[in-house]
Amino acid sequence: MRPSSSQNPIWVYPDLEPEWTETIIREFNIHPVTAQVLASRGFESQEAIHDFLYAKLPNLYDPHLFPDMDKAVERVLHAFREKENILVYGDNDVDGITATALLTEFLRFTGLNVFYYVPNRNSLKQSLILDALDYAKKNRCTLLITVDCGITAAAEIQRAVEEKVDVIVTDHHEPTAKLPHCVATLNPKLLNSTYPNRELTGVGMAFKLIHGLTNALFSNNEISSGKIDLKRYLDLVALGTIADMGSLLGENRILVRYGLRQLRKTRRIGLSKLFSVCDLKPGELSPADIASKVAPRLNSLGRIADPLKGVELLLLRDPIAAEALAKELDLNNSERQKIERRDAEDIELILQKQPQILKEKAIVLHSEKWHPGIIPIITARIAKQYNRPTIVIAIDQGLGKGSIRTIPEFPLLSILKENAELLENFGGHDYAAGLTIKDTNIQEFKKRFIDHANARLSHQDVLTKLRLDAKISFKEITFDFMESFSLLEPFGHENPPPVFYCDAKQIWPPKIVGKTHLKLYLEQEDRLLEGIGFGMANRRSQLCRRNLSLHIAFTPHVNNFLNKSSIQLQIRDFKILENA
């Protein structure tokens, strides 16, 4: 049999290396399919596999591998001894909110007087850090520590230094040519960084700073070793890392794995109330739950409301206040969803009316009608849907705020640097960035960006792809296999849930469930399994025949319903097999 001609998305089959897979099976005593996943994902040594599967907290890197860590620690210790006031200044997304809460809570725990400030960026102001400087001076703070921001704010930080406020920058975004002149700069992406993990998030960087501080406080006997337990802060690290789509490989994987354990037994009243609002059971919390339910509610503050309330929620000790604030976040999120739906529908209408836009290898859209707070969500969705580098710009009073998402074949920062003269500001990563631009420069920047994409990308690059990890048979999909499969968790960015493939018969036509989803009834060698295709209801007409043979791509999961566990297949795509 052969698949019918439908090739959207393109299925990318794994490279098979039977000898290497056999070595993995033998050395690690794991299921052959799990071993094939590891081989498919490019693990080339037993040491790398061992670290991926079994690395523990003691395997975290020494924070003093950051060149400026000693300077940062010494300056904070000076504040500790002199009883100085400190301001923690954070970005307004979940990464920044969790980093702000983490550093504030830790420093207060050691006895320091700490204030925090998180900006509301919807005003499109250019000098947000200067607002924080005013706040620092008003509260007589002589030390300002940035978290998840600051690396591109050299001019603003120079102003703070001139006004006798010392600054420590902790950030994970790509630096520009001009670095801040401050007491210490902690960033794994600095050119001179000797830190092995470039993929730390903002909250991961904040954790590294408190790790360095803890080591110094212990060794100087300024605090007893039994007083600080750094594990208690890992819930915030996991929350911020997952929400910011931090890579779940290497050190981040250790931080998130242990952070999930803390989240599942969290003692933070605010988080418990937020989980309740999200209808989540803390003990069963997964990265997907955080990304789809918890993070959007916290992010809604930075998008349309006051992100300071996010930090407040994470630090609260009062159950009544925490419950009220969690409900407020839920209402904000509902309002954010309305705004998002309105603007998303407007953008889809533009794409329908102007189909020539999709003939280019990149998409650049701009309007004065869209809310600047929600464009990152829409940009990410469009980039994924059309598999193209995408920029969406919301314009207000002559100034545009843009969000950029891209595909692996088209990193962003080099082209942003090449066109810096057209931009007021920009920052971020190679695959997710932001910019501000005068409306008079948008057309020229749009032309250059699209021309660059058209020259760099091939037709194949912008086709949607489904990467497959391993072939599997229904008889192999057992609860024992699911236990072996769980070794690969936590799943998330750069470590997605594996996608398997096989052929199966459809024993009767599928049902539409929840209006938009498709339930399939599949059989292979007398084993029956149900499949659920999320958002696939529109494909039901293709399957309205009995005894169809299908080529299916799927991820298995354990479905717990009415205290009964069953294995269900999450269908990622299917092809109808025709007789050769």
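Numbers for residues simply follow the sequence, beginning at 1. Everything numeric in this text was worked out from a predicted model, so none of it was measured.
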Please name the residue in the list Thr555, Ile532, Ile552 that meets the side-chain contact (heavy atoms from CB on, under 4.5 Å) test with Leu569. Ile552

Quick check: closest heavy atoms across Leu314 and Leu239, and the distance to 0.1 Å? CD2-CD2, 4.4 Å

OG-CZ distance between Ser286 and Arg264, expressed to the nearest 0.5 angstrom: 7.5 Å

Heavy-atom closest contact (Val37 atom, Ala470 atom, distance): CG2-CB, 4.3 Å

Do you see a donor-acceptor pair shorter than 3.5 Å between the side chains of Glu360 and Asn454? yes

Heavy atoms from other residues, nucleotides or ligands near CZ of Arg448 exceed 12 (cutoff 6.0 Å): yes

Quick one: is the NZ or CZ of Lys575 closer than 6.0 Å to the six-membered ring centre of Trp11, and within 45° of its axis? yes

The reported gap from CD1 in Ile290 to CD1 in Ile242 (rounded to nearest 0.5 angstrom) is 3.5 Å

So which heavy atom on Val256 is nearest to which on Pro490, and how close? CG1-CG, 4.0 Å

If you count every heavy atom of other residues, nucleotides or ligands that lies below 6.0 Å from Asp15 atom CG, does the total exceed 12? no

Who are the ring pair (Phe, Tyr, Trp, His ring centres under 6.0 Å) partners of His557, not counting sequence neighbours? none

Lys/Arg N to Asp/Glu carboxylate O, Arg341 vs Glu345, below 4.0 Å: no

Could you go through the side-chain contact (heavy atoms from CB on, under 4.5 Å) check for Arg257 and Leu248 one step at a time? CA-CA 9 Å; Arg257 179 189 278 166; Leu248 293 196; over 6 Å; no

Below 4.5 Å, heavy atoms only, C-beta onward: do Asn547 and Gln506 meet side chain to side chain? no

Has Asn538 got more than 12 heavy atoms of other residues, nucleotides or ligands less than 6.0 Å from its CG? yes

Trace of the side-chain contact (heavy atoms from CB on, under 4.5 Å) decision for Ile512 with Leu518: CA-CA 5 Å; Ile512 291 177; Leu518 204 59; 4.2 Å; yes

Non-hydrogen side-chain atoms of Val118 and Asp306 separated by less than 4.5 Å: no

Per the side-chain hydrogen bond (donor to acceptor under 3.5 Å, both in side chains) rule, what does the pair list look like for residues 483-502, sequence neighbours excluded? Thr34-Ser484, Arg41-Asn495, Ser247-Glu494

Does the pair Asp396 and Lys401 meet the rule for a salt bridge (charged side-chain N to carboxylate O under 4.0 Å, His left out), with working shown? CA-CA 8 Å; Asp396 183 32; Lys401 177 181 178 180; over 6 Å; no

Residue among Leu577, Asp503, Leu520 satisfying side-chain contact (heavy atoms from CB on, under 4.5 Å) with Leu550: Leu520

Is any side-chain heavy atom of Leu102 closer than 4.5 Å to one of Val237? yes

Does anything in residues 361-383 form a salt bridge (Lys or Arg N to Asp or Glu O under 4.0 Å)? List the pairs, not counting sequence neighbours. Glu340-Arg381, Asp346-Lys369

Can you confirm whether more than 12 heavy atoms, excluding those of Met245, are under 6.0 Å from its CE atom? no

Do the rings of Phe485 and Phe491 sit parallel, tilted or perpendicular, given the 30° and 60° boundaries? tilted

Is there a donor-acceptor contact under 3.5 Å from the side chain of Arg527 to the main chain of Ile477? yes

Is it the case that over 12 heavy atoms from other parts of the model lie below 6.0 angstrom from the NZ atom of Lys475? no

Do the side chains of Leu466 and Arg572 get nearer than 4.5 Å, heavy atoms only? yes

Can you see which heavy atom on Ile393 is nearest to which on Gly400, and at what distance? CG2-CA, 3.7 Å

For Phe426, all residues meeting ring pair (Phe, Tyr, Trp, His ring centres under 6.0 Å), sequence neighbours excluded: none

Would you sort out whether Ser403 and Arg405 count as a side-chain hydrogen bond (donor to acceptor under 3.5 Å, both in side chains), showing the intermediate values? CA-CA 7 Å; Ser403 177; Arg405 297 295 183 272; 3.2 Å; yes

Do Glu17 and Thr21 pair up side chain to side chain, a donor and an acceptor below 3.5 Å, judged on atom types alone? no

Please enumerate all residues that pass ring pair (Phe, Tyr, Trp, His ring centres under 6.0 Å) together with Phe43, with sequence neighbours excluded. Phe52

Asp469 side chain near Pro14 side chain, heavy-atom distance below 4.5 Å: no

Met536 CE to Gln542 CD distance, which is reported to the nearest 0.5 Å: 10.0 Å

For Thr241 and Asn252, which I'm curious about, is there any donor-acceptor pair between the side chains at under 3.5 Å? no

Main chain of Val203, side chain of Asp95: is a donor-acceptor contact present, judged purely on distance under 3.5 Å? yes

Donor-acceptor pair, distance only, cut-off 3.5 Å: does the side chain of His429 make one with the backbone of Tyr431? no

Under 3.5 Å, is there a donor-acceptor pair linking the side chains of Glu251 and Asn197? yes

Could you report the tightest heavy-atom contact between Glu348 and Tyr386, atom names first, then the distance? OE1-OH, 3.5 Å

Could you tell me if the side chain of Leu548 sits less than 4.5 Å from the side chain of Leu543, heavy atoms only? yes

Look only at the side chain of Lys465 and the backbone of Leu463, and say whether a donor-acceptor pair between them is shorter than 3.5 Å. yes

For Arg336 and Ile374, indicate whether the former's side chain and the latter's backbone hold a donor-acceptor pair under 3.5 Å. no

Pair Arg539 + Asp573: basic N to acidic O under 4.0 Å: yes

For Lys471, does the NZ atom have more than 12 heavy-atom neighbours from other residues, nucleotides or ligands under 6.0 Å away? no

For Gly427, does its backbone N or O pair with a side-chain atom of His173 as donor and acceptor, under 3.5 Å? no

Would a 4.5 Å heavy-atom cut-off, applied to side chains only, mark Ile378 and Ile347 as touching? yes

Result block: side-chain N/O donor-acceptor pairs under 3.5 angstrom for residues 271-282, not counting sequence neighbours:
from, atom 1, to, atom 2, distance (Å)
Ser272, OG, Arg268, O, 3.2

I would like to know whether Tyr521 and Leu528 meet side-chain contact (heavy atoms from CB on, under 4.5 Å); could you show each step before the answer? CA-CA 7 Å; Tyr521 304 92; Leu528 274 68; over 6 Å; no

Answer yes or no: is there a side-chain heavy-atom contact under 4.5 Å between Gln337 and Asn333? yes

For the residue pair Gly240 and Thr98, what are the closest heavy atoms and their distance? CA-OG1, 3.4 Å

Side-chain H-bond candidate by donor/acceptor type, His172 with Asp148, under 3.5 Å: yes

Before giving the answer on side-chain contact (heavy atoms from CB on, under 4.5 Å), spell out for Phe554 and Val499 the whole-Å C-alpha distance, their side-chain angles and the decisive distance to 0.1 Å. CA-CA 5 Å; Phe554 59 90; Val499 180; over 6 Å; no

